[in-house]
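Both backbone and side-chain heavy atoms feed into the values below; hydrogens, waters and symmetry mates do not. Chain letters run A, B, ... following the sequence lines, proteins first and then strands; every chain starts at 1.
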Amino acid sequence: MKRLLRRQACLLDFTLSSLARRPGKNLGLLLVYGLIVFLLASVMLFTDALRSEARQVLARSPEIILQRVVAGRHALIPAGYLERMGRIRGVTARHGRLWGYFYDPAVQANYTLLVPRNRRIADGEIVVGAGIARTRGLDRGDFLTLRGSDGTARSFRVAERLEGESELVSSDLILLSEADFRAFFGVPEGLYTDLVLTVRNPRELRKVAEKLTLRLPDTRPILRDEILRTYDAIFGWRQGIVFVLLAGAILAFVIFAWDKASGLSAEERREIGILKAVGWETSDVIRMKFWEGAVISLSAFLLGYLAAYAHVFYTSAALFEPVLKGWAVLYPEFRPLPRVDGLQLATLFFFTVFPYTLATIVPIWRAATTDPDQVMR
Amino acid sequence: MRPSARFALFIGLLTTLLSLSLLDAGLRGGDAGDRIARMRRQVEALELTDLALFTEARYTRNPTQADWFTPFQDHPMALEHFPSGSLLQPPALLRRPR
């Protein structure tokens with residue numbers, strides 16, 4: 001065992017010296033290789049962290065939301081629908097929800113105005129999300145003036161700021177009283193944005209949704225399960241899109257690495273010939289080249305992954321921010337919750353380290369099995 | 001020091017950092033339990049359905065509540081107006097066979 005280890009150490013010494021003879025070429029390869037791993041790992045870690053956070057946080061969103069659809073568009077739903085749906089077994093509570101969007105031309109941002117059901121807010125007062133407070137420079141006691149649907153400007157006093165920790169769900173929220181909401185948007189009494197139904201047993205959700213569609217054909221129920229699946233799909237899709245965008249870069253790297261790994265230069269062929277001439281066995285040459293591939297790919301994988309971890313969880317994926325932000329003025333300030341999926345890490349390892357290592361061995365095996373005299377010629 | 005020993009030390013250091021990253025994820029993930037619990041309570045109290053990640057359009061702010069055809073603006077092949085619209089997939093509800 002000791003002898004085997006010493007032998008491998010000697011081979012590794014020789015490989016490292018051989019790599020050091022071409023520093024520019026090999027460091028360049030390591031850099032490009034590491035960058036590819038960094039990009040793939042960053043996307044993987046970021047989307048996985050967001051997906052997991054969305055799943056955990058939205059697990060308490062309403063069980064069923066009932067929207068009224070008129071001519072294919074979401075319309076306000078009359079309070080009478082609460083009676084029209086009749087008694088449905090399993091539904092323990094039902095009520096209307098009031099919320100809407102407001103575009104603020106002053107900062108070119110969309111706010112979400114919402115009437116909280118479990119919290120009393122005095123007329124003329126609002127509670128603002130941290131994103132709005134930051135963008136408009138608001139604090140407790142300040143006034144925010146917005147132009148309502150009837151064209152009159154209304155001033156609201158900021159009673160409170162929502163805590164910054166929950167920005168991911170509340171960055172653009174403005175909470176206000178029902179009377180203010182109805183007056184601001186011109187929503188008459190007896191109309192809601194949508195209805196919320198509480199169902200105690202999650203296994204009854206589908207049945208309840210079916211009954212709702214039958215009794216109120218102009219509505220569509222949205223189940224909590226669908227909300228969670230949408231977020232799973234969004235981040236899966238997003239990850240897929242980025243991977244597709246990266247495909248060009250990855251393919252370029254594959255060609256570069258394949259060319260570097262498989263196409264032996266005349267110098268390398270001569271090196272193999274000399275090694276064989278001085279008594280190296282074919283298996284030694286292959287082992288030496290295996291080490292060469294392993295040194296580069298393992299270093300690139302570890303460096304790329306560690307840089308990606310620091311980028312995503314310590315700088316909040318600063319490089320991705322411009323893409324994620326899009327035109328959103330009120331992008332929430334948040335730090336993704338660190339999460340590393342062992343299986344994903346193993347997959348990344350498998351797809352980045354193995355192909356390169358194998359690609360280095362095959363051509364060497366071909367060259368190493370030929371006659372040294374022929375190789376050197 | 002032999003090159004192989006130096007390399008072993010280098011890989012050992014990186015592997016330790018990788019293990020520390022796993023530990024860090026576990027520890028910080030555990031510490032964030034309170035923050036997640038608070039956010040979850042807020043989602044429950046305010047009956048929220050979506051993350052406030054993309055606030056520029058109705059269908060990107062609340063993808064789960066969007067109208068069936070809003071993301072397509074005027075018609076299904078219309079060019080996407082908002083950058084994040086091209087990164088969003090239609091909600092699960094739309095992709096379910098009806």
Quiz item: When rounded to the nearest 0.5 angstrom, what distance separates NE2 in H311(A) from CG in L306(A)?
Solution: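 These two atoms lie 14.5 Å from each other.
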Quiz prompt | Contacting region of E47(B) [heavy-atom separation from chain A under 4.5 Å] | solution = both
Self-check item: Sidechain N-carboxylate O distance under 4.0 Å for R229(A), D225(A)
Solution: yes
Exercise. Would you sort out whether N62(B) and W99(A) count as a side-chain hydrogen bond (donor to acceptor under 3.5 Å, both in side chains), showing the intermediate values?
Key: CA-CA 12 Å; N62(B) 286 299; W99(A) 63 277; over 6 Å; no
If I measure from the heavy atoms of chain B, does [X] come under 4.5 Å with its side chain, its backbone, both, or neither?
X       : result
V295(A) : both
I65(A)  : side chain
V57(A)  : both
T112(A) : side chain

Exercise. Heavy atoms only, distances under 4.5 angstrom: which of V196(A), L11(A), L16(A) has the most pairs with chain B? Name it, please.
Key: L16(A)
Practice problem: Measure up the Y305(A) and Y309(A) rings against each other and bin them: parallel (under 30°), tilted (30 to 60°), perpendicular (over 60°). | Solution: tilted
Quiz prompt | NZ or CZ of R7(A) within 45° of F14(A) ring axis and under 6.0 Å | solution = no
Exercise. Among M39(B), R28(B), E44(B), single out the residue with the greatest number of heavy-atom pairs under 4.5 Å to chain A.
Key: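 Winner by heavy-atom pair count: R28(B).
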